[in-house]
Amino acid sequence: MLRIKNLESGYGRLKVLKKVTMHIRSGEIVTIIGANGAGKTSLLKTIAGLLPARSGEILFDTKDIGNLPPEKVVFRGCSLVPEGRQVFAPMTVRENILLGAYTQYRNGKGGAVRDDIERVYGIFPRLRERERQLAGTLSGGEQQMLAIARALMARPKLIMMDEPSMGLAPLVIRDIFAVITRLRKEGGTVLLVEQNARAALGIADRGYVLETGRIIMEGEAEELLSNREVQRAYLGRDLDAEGKM
Amino acid sequence: MAGVTYGTIYAIVAIGFNIIYNATGIINFAQGEFVMLGGMTAVTLSRFVPLPVAILGAVVLTTIVGAVIEIVFIRWLHRPSVLRMVIITIGISILIREIALHVWGESVRSLPYFTGTSVTSIRLGGVYISPQVLWAVGVGAVAVALLSAFFNLTMLGRQMRACSANRDAARLCGINAGNMVTLSFMISAAIGAIGGCVVCPITYVHYDSGTPLAIKGFTVAILGGLGNSTAAVGAGMILGILESFSIWVLPAAYKEAISIAILLLILFVRPSGIFGSAEAARLKEF
Ligand SMILES: Nc1ncnc2c1ncn2[C@@H]1O[C@H](COP(=O)(O)OP(=O)(O)O)[C@@H](O)[C@H]1O
Ligand SMILES: [Mg+2]
């Protein structure tokens with residue numbers, strides 16, 4: 001579904017991604033783990049078109065999307081749930097969700113939007129209760145649900161999520177991760193970026209480890225979970241954190 | 001009652017400021033020129049076609065000018081600084097004024113009263129009002145209501161608000177943010193031109209009448225809290241009425257100084273505007 005070859009990108013003179021090569025098959029949950037500043041967000045932004053690719057290629061459904069601006073990438077069926085939720089704060093929950101359906105309206109599938117709204121409300125019943133509330137007044141967890149719901153409204157073939165668990169309570173994180181596995185069960189494909197490596201590998205099929213802009217390891221999720229290096233560098237800290245939970 | 005007429009046009013200019021500000025974070029100092037262009041073009045067209053057609057034509061032409069300005073001067077700038085935008089929009093305003101001087105000369109012009117003449121008056125609850133004042137207020141009110149409906153109830157309006165709330169997130173939804181900015185210039189130009197047409201029978205219009213309006217409109221926009229169009233209506237009325245009462249207590253020459261005094265006072269004391277709440281400002285800035 002997604003095939004990236006030797007991708008490089010960065011900000012100004014700073015090169016962040018160095019020859020990143022990876023792929024995602026349809027129906028998979030693939031996770032990218034890595035420390036703060038490794039370039040995970042930059043990678044997702046480059047795929048989504050927010051950050052221009054310097055070299056390499058991004059093939060989505062065998063077509064190159066490397067040079068497309070973000071508003072075109074969504075139309076191809078690839079949606080990003082950005083880091084830090086980025087909901088439309090001064091607008092209502094329902095308006096946020098409607099805006100997520102913009103591509104559907106443009107593709108002449110506006111008639112299906114009603115059902116799609118029911119579907120995301122089914123996944124996140126909390127959003128239905130808060131329908132008329134301004135998105136900026138929601139709790140962090142609810143904003144994350146809204147950001148995911150908004151992305152789902154475009155009916156993406158691939159949904160990319162950038163640290164959906166960031167700053168959320170353990171119970172809320174569990175809900176969000178349950179939704180991610182549910183999406184796979186319903187035929188979706190997910191690219192999940194997480195610092196919470198244990199949780200992410202727990203639900204993923206495969207994973208990549210990103211370190212200072214390079215993929216240093218890849219494999220089946222269980223394989224990575226039992227890898228000593230991964231355990232020391234990325235799971236040890238999580239064990240401490242989970243001890244506190 | 002002149003105060004109400006001026007208040008209406010100030011409010012309209014302020015709303016024009018707000019629409020572009022909300023979409024881009026830019027203060028468009030050429031906003032007053034849209035009002036002037038609307039009035040001037042309508043006057044010229046009215047010599048050849050009936051008044052309603054002339055006004056419609058003026059609004060359409062000014063809207064096109066708004067789009068051209070955005071496409072030529074603004075669109076290609078990549079994250080420009082505020083100072084650069086101020087200089088560019090002031091430059092655009094000077095440019096438009098010079099072109100207007102060239103085309104129309106220095107003469108002061110006016111449209112005929114939409115209904116009746118300059119001496120017609122309607123009795124309304126004990127006071128006599130010129131029907132043109134009612135036109136101005138009525139058209140202003142309808143414009144505000146339509147704009148509010150547009151921004152809150154239509155998908156296109158929501159797209160514009162989404163871009164102003166979070167440009168990147170809007171693009172991730174598939175919205176073409178660049179086009180929304182062009183649209184904001186077009187709407188601002190259109191509403192400015194409409195305002196210019198309805199008030200010009202009373203206030204007159206000449207090539208240079210846009211600049212003072214921009215200052216007044218900016219004062220009103222700040223007074224109501226930048227970006228807040230409902231408050232701009234109230235603030236516009238306050239300034240218009242203050243000005244018209246001031247000639248009883250101050251020499252008429254000081255009338256123009258009032259808005260500057262208010263502007264400075266507000267900027268020092270309450271930059272979020274008299275109607276603006278800190279809460280709303282935070283949500284907006286985000
Ligand atoms: N907008 C930006 N401008 C300049 N440098 C940035 C920007 N965003 C991120 N970086 C740099 O790029 C590197 C990777 O950041 P990021 O992709 O956010 O990592 P991660 O998401 O893995 O924490 C970091 O060194 C960071 O300082
Ligand atoms: Mg990140």
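To find a chain, count down the sequence lines: A is the first, B the second, and so on, and within it residues start at 1. Hydrogens, waters and symmetry mates are skipped; everything else that's a heavy atom, side chains included, is used.
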At a heavy-atom separation under 4.5 Å, does T103(A) approach chain B through its side chain, its backbone, both, or neither?
-> both

Heavy-atom closest pair (Q159(B) atom, Y102(A) atom, distance to 0.1 Å) is NE2-CE1, 3.2 Å

R3(A), CZ atom: more than 12 neighbouring heavy atoms under 6.0 Å | no

Against chain B, label L98(A) side chain, backbone, both or neither, depending on which of its atoms sit under 4.5 Å from a heavy atom there.
-> both

Evaluate whether atom CZ of R75(B) has more than 12 neighbouring non-hydrogen atoms of other residues, nucleotides or ligands under 6.0 angstrom away.
-> yes

Under 4.5 Å to a heavy atom of chain B? For R85(A) that would be neither

Residue K18(A) excluded, over 12 heavy atoms near NZ under 6.0 Å = yes

Pairwise distance CZ(F88(A)) to OG(S164(B)) - rounded to 0.5 angstrom | 9.5 Å

Anything in residues 151-164 of chain A with a heavy-atom distance to chain B below 4.5 Å? Please list those residues in order.
-> none

Counting only heavy atoms not in N67(A), do more than 12 fall under 6.0 Å of its CG?
-> no

Here the pair of heavy atoms bringing R158(B) nearest to M91(A) is O-CE, 3.6 Å

For chain A, which residues of residues 168-180 of chain B have heavy atoms nearer than 4.5 angstrom | D168(B), A169(B), A170(B), R171(B), L172(B), C173(B), G174(B), I175(B), N176(B)

